[in-house]
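Reading through the structure tokens given below for one structure.
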Amino acid sequence: MAGGWARDGAVGEQIEASINDELARLKARRAPMGESLKYCAECEEEIPPARRQAIPGVKLCIDCQQERDGAFKARGGMNRRGSKDSQLK
């Protein structure tokens with residue numbers, strides 16, 4: 001019989017599942033590989049030698065990479081909590 005309440009630990013499980021989903025998404029991102037470019041692929045400024053050595057296969061200078069990382073990317077997700085209406089019933 002459904003009583004309208006979640007079982008003990010359900011919220012913690014939902015949080016952990018969300019964290020695991022995000023970690024899996026981040027691990028799936030492709031890391032740069034191969035030989036680093038000497039000049040940035042976007043602005044054509046020289047990529048510092050220390051950056052090229054630290055990150056094999058780097059294609060962007062620090063400024064362009066920061067700009068790309070800071071850009072907002074909306075992505076769909078699943079609302080694991082449900083709507084307020086479903087919780088009030």
Side-chain angles (χ1 to χ4, degrees):
M1 177 167 80
W5 296 96
R7 69 183 195 294
D8 290 342
V11 173
E13 290 173 7
Q14 290 173 350
I15 293 170
E16 188 171 332
S18 295
I19 291 170
N20 288 336
D21 290 348
E22 187 65 15
L23 288 173
R25 186 186 71 79
L26 291 173
K27 287 179 183 178
R29 285 178 34 183
R30 294 184 354 205
M33 296 178 70
E35 190 173 334
S36 298
L37 296 179
K38 186 169 182 173
Y39 296 96
C40 178
E42 289 188 11
C43 70
E44 299 181 4
E45 291 290 323
E46 184 176 2
I47 299 173
R51 177 170 172 77
R52 294 193 314 255
Q53 185 178 13
I55 306 171
V58 71
K59 307 277 188 256
L60 301 174
C61 67
I62 295 170
D63 292 334
C64 290
Q65 185 67 52
Q66 285 177 339
E67 187 175 314
R68 183 177 282 189
D69 289 346
F72 175 74
K73 294 179 185 174
R75 62 181 187 88
M78 182 172 39
N79 182 357
R80 296 181 187 274
R81 294 181 292 169
S83 68
K84 287 184 180 180
D85 292 336
S86 68
Q87 295 175 4
L88 294 174
K89 293 180 181 177

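Keep in mind that what you see is a predicted model, and the values were worked out from it rather than measured. One is the number of the first residue; the rest follow in order along the sequence.
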- prompt: How far apart are the closest heavy atoms of C61 and C43, and which atoms are they?
  reply: SG-SG, 3.7 Å
More than 12 heavy atoms of other groups within 6.0 Å of E42 CD: yes
statement: To the nearest 0.5 Å, atom CD of Q14 lies from atom CD1 of I19 at 12.0 Å
message: Please find the pair of heavy atoms, one from R51 and one from L60, that lie closest to each other, and give the distance.
response: NE-O, 3.0 Å
field: Nearest heavy atoms of V58 and I47, plus distance in Å
entry: CG1-CG2, 4.2 Å
- request: Apply the test side chain to side chain contact (heavy atoms under 4.5 Å, CB included) to residues D63 and E67: give CA-CA distance (whole Å), side-chain angles for both, the deciding distance (0.1 Å), then the verdict.
  value: CA-CA 6 Å; D63 292 334; E67 187 175 314; over 6 Å; no
- prompt: Among all residues two or more places apart in sequence or in another chain, which pass the side chain to side chain contact (heavy atoms under 4.5 Å, CB included) test with E46?
  reply: K38, Y39, R52
- prompt: Can you tell me how far OG of S36 sits from NZ of K59, rounded to the nearest 0.5 angstrom?
  reply: 7.0 Å
